[in-house]
Colleague: 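Pasting a structure here, questions to come.
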Amino acid sequence: MIRPMRTAFAALLALALGLGGAAAVMAQNGPPRIVIEPGVIEPMPIAVPTFIDEGGAGDYAREISRVVISDLEGTGFFRTIGEEAHISRVTGFDAPVAFEDWKAINAQVLVTGAVSVSGDRISVKFRAYDVFNGQVLEGAALQFAGTTQGWRRMAHKVADVVYSKITGEGGYFDSRVVFVSESGPKNARLKRLAVMDYDGANVAYLTDSSSIVLAPRFSPTGDRILYTSYESGFPRITLMDVGTLSRQSLDEQPGTMTFAPRFSPDGNTVVFSLERGGNSDIYALSLSSGQLTQLTNAPSIETAPSFSPDGSQIVFESDRTGVPQIYVMPASGGEGTRISGGAGRYGTPVWSPRGDYIAFTKQNEGRFHIGVMRTDGSEERLLTASFLDEGPTWAPNGRVLMFTRETSGAGGQATLWSVDITGRNLKQIPTDGPASDPAWSPLLP
Amino acid sequence: MSLAAKSLLLIAVLGLAACNNPDRYGAGGPGGAGGPGGAGAGGIDTTGLGDPNNPTSIAYFNQRVGDRVLFAVDQSTLSPEARTVLTAQAQWLLQNPGYAAIIEGHADEQGTREYNLALGARRAAAVQNFLISQGIPANRLRTISYGKERPIEVCSTEACYSQNRRSVTVLSAGAGV
């Protein structure tokens with residue numbers, strides 16, 4: 001039974017992640033999938049009974065179960081069947097499972113788990129079953145251990161495995177997001193760097209709000225953050241160590257401004273814009289040797305560079321035609337090839353970690369959109385529309401985007417939103433106050 | 001010491017403070033940047049800017065000469081009106097060599113954050129180049145871009161956007177920056 005179920009779900013997912021168009025047959029990263037037609041996705045019913053307390057776990061077992069459910073339901077692909085509807089109780093992690101009882105309530109997947117705590121150590125084990133054949137999903141029986149402080153990560157890891165086994169996509173729940181926490185009125189906004197779990201939990205502040213900070217980016221290993229800071233009085237790209245919070249300005253040429261930094265996939269190079277005499281071009285700075293290389297040389301604005309995941313190309317934004325558009329150039333620099341072609345203004349291109357799409361901000365007819373396109377500019381798809389949506393960042397699995405949405409007027413405020421690459425599952429990320437400029441970390445180690 | 005001399009000293013002290021950190025929005029915290037302020041004040045506290053009737057005061061420069069010029073959407077081209085204001089700024093700066101200036105470039109909110117930073121820099125540079133062409137030594141002028149981070153007007157219509165697409169020439173005492 002596992003095959004048909006997975007195939008059915010794969011078709012469902014292909015539809016969800018699919019690229020529009022009816023009855024298209026596509027080859028994308030593997031065997032062809034049949035895209036039947038665009039439409040509403042019926043979430044898969046699953047059961048996640050509260051994990052068993054195997055000693056000292058107290059509230060952790062219930063809270064971990066809650067986070068697993070929140071992660072899975074948050075994707076829009078799953079619907080958990082409430083415990084009040086469960087016929088069977090899971091009395092022990094290794095007790096026989098009454099699959100007929102789970103079939104009777106139409107659960108397609110059952111996730112059971114157990115939690116034990118000793119001192120500040122926590123251990124979580126789980127199994128995800130295909131209810132219809134009574135078998136554990138291949139690879140979905142694991143155990144994680146860590147500190148009680150990191151209990152949410154244990155839950156995210158469980159959910160990542162379940163999500164990954166059923167969708168065939170990589171997980172993304174065990175990740176962090178660095179962003180700008182905002183306060184104060186629109187004409188005197190205070191901004192400080194903050195970091196949180198992907199779902200808005202566990203917020204920590206990395207700077208105070210004594211100077212403007214903009215657009216942070218994680219390193220490929222999540223241990224460092226690049227951002228633009230006015231701490232010196234002028235905009236400068238700054239490198240912060242996440243562990244120690246120590247920070248340094250990366251470029252100190254007087255009379256210039258540096259901004260829009262991003263790491264290369266190997267973490268050894270920073271690409272950014274350097275403005276001199278009013279003209280912004282893209283440069284690369286080697287973090288090991290300190291060598292600065294100019295990659296573009298044009299009188300127009302060249303900014304927002306982002307590496308392809310193999311490090312061979314850079315996508316960026318230029319207004320050389322008079323309107324901002326998206327271009328791709330070799331990582332060694334050059335004029336680049338324009339890939340955006342539609343009406344409107346295109347900016348903030350970001351290459352997917354999977355390499356298959358480029359996400360961007362589009363401004364057209366007074367509205368802003370988050371969109372994705374193939375790396376050659378084809379198959380452009382706008383996912384959102386509002387007064388002001390900007391600055392997409394990719395989830396580690398390349399299937400979900402987070403971005404800034406700002407409302408209009410004197411009381412306008414920024415909030416964080418996520419959407420999947422089909423445009424489904426648009427939702428706000430809970431934050432304590434206004435927030436902007438999210439950047440997703442890789443999956444945590 | 002005369003009252004006028006004391007006033008000048010006060011201006012000099014404030015000017016030096018501004019020189020240490022040209023980000024007049026960030027360094028002062030919410031108090032320093034609060035409120036939209038008067039037409040010529042650019043949102044900063046006007047205390048210590050001198051008497052606007054005194055032609056050598058910063059207040060006079062801000063209000064009578066005009067400390068700002070406006071730009072069209074996405075443009076950094078100087079309009080005839082802007083050139084008139086900047087010509088007067090240059091004359092004032094030539095007559096008052098004890099002042100340096102930081103030229104701020106700003107954008108409206110209709111654009112992405114990073115593009116607007118670059119656009120603000122382009123506007124500030126256009127003003128700087130014009131002032132240099134009028135004989136102001138380059139070492140008296142610096143530029144900074146705020147992109148869309150510091151609107152002066154907060155509505156979301158063209159009436160406000162047109163005021164936010166601006167450069168502001170912010171004076172400080174001292175011969176160079």
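Just so it is clear: chains get the letters A, B, ... in the order the sequence lines come, proteins before strands, and each one is counted from 1.
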Colleague: Report the option among A:Gly409, A:Ser408, A:Ser280, A:Gly412 that has the most heavy-atom pairs separated by less than 4.5 Å from atoms of chain B.
Modeller: A:Gly409
Colleague: When rounded to the nearest 0.5 angstrom, what distance separates CD in A:Glu406 from CD in B:Glu109?
Modeller: 6.5 Å
Colleague: Just wondering, are more than 12 heavy atoms of other shown residues or ligands nearer than 6.0 Å to CD in A:Glu335?
Modeller: no
Colleague: With rounding to the nearest 0.5 Å, note down the distance linking CZ in B:Arg150 to CD1 in A:Ile212.
Modeller: 4.0 Å
Colleague: Give the minimum heavy-atom separation between A:Phe387 and B:Gln110, together with the two atoms involved.
Modeller: CE1-NE2, 3.9 Å
Colleague: Out of curiosity, A:Ile301 CD1 to B:Asp74 CG, how far, rounded to the nearest 0.5 Å?
Modeller: 8.0 Å
Colleague: Please flag which part of B:Ser76 lies under 4.5 Å from any non-hydrogen atom of chain A: side chain, backbone, both or neither.
Modeller: neither
Colleague: Can we say A:Arg217 and B:Glu114 salt-bridge, meaning some charged N sits less than 4.0 Å from an Asp/Glu carboxylate O?
Modeller: yes
Colleague: For each of A:Asp437, A:Thr348, A:Val323, A:Thr228, tally heavy-atom pairs with chain B at distances under 4.5 Å, and name the one with the top tally.
Modeller: A:Asp437
Colleague: Any side-chain heavy atom of B:Glu149 sitting closer than 4.5 Å to one from A:Pro235?
Modeller: no
Colleague: Which answer fits A:Arg345, side chain, backbone, both or neither, if we ask what part of it has an atom under 4.5 Å from a heavy atom of chain B?
Modeller: side chain
Colleague: Pick one of side chain, backbone, both or neither for A:Ser273, based on which atoms fall under 4.5 Å of a heavy atom in chain B.
Modeller: neither
Colleague: B:Leu117 versus A:Leu214: any side-chain heavy-atom pair under 4.5 Å?
Modeller: yes
Colleague: Nearest heavy-atom pair of A:Phe259 and B:Ala118: which atoms, and what distance?
Modeller: CZ-CB, 3.7 Å
Colleague: Using non-hydrogen atoms only, which part of B:Ala124 is less than 4.5 Å away from chain A: side chain, backbone, both, or neither?
Modeller: neither
Colleague: Nearest 0.5 angstrom please: B:Tyr115 OH to A:Glu390 CD, how far?
Modeller: 14.0 Å
Colleague: What are the two closest non-hydrogen atoms of B:Arg142 and A:Gly255, and how far apart are they?
Modeller: NH2-N, 3.3 Å
Colleague: Based on non-hydrogen pairs under 4.5 Å, which of B:Gly105, B:Ala125, B:Ala121 is most in contact with chain A?
Modeller: B:Ala121
Colleague: Calculate, to the nearest 0.5 Å, the distance between atoms OG1 and CZ belonging to B:Thr112 and A:Phe360 respectively.
Modeller: 13.0 Å
Colleague: Heavy atoms, side chains only, cut-off 4.5 Å: are B:Lys148 and A:Leu388 in contact?
Modeller: yes
Colleague: Hey, what do you get for CD (A:Glu275) to CD1 (B:Ile144), rounding to the nearest 0.5 Å?
Modeller: 10.5 Å
Colleague: Over all heavy atoms of both residues, which pair between B:Ser156 and A:Lys186 is shortest? Give the atoms and the distance, please.
Modeller: OG-NZ, 3.5 Å
Colleague: So do A:Asp319 and B:Arg122 actually touch side chain to side chain, heavy atoms under 4.5 Å?
Modeller: yes
Colleague: State, to 0.1 Å, how close A:Tyr230 and B:Tyr146 come at their nearest heavy-atom pair, and which atoms those are.
Modeller: OH-CA, 3.4 Å
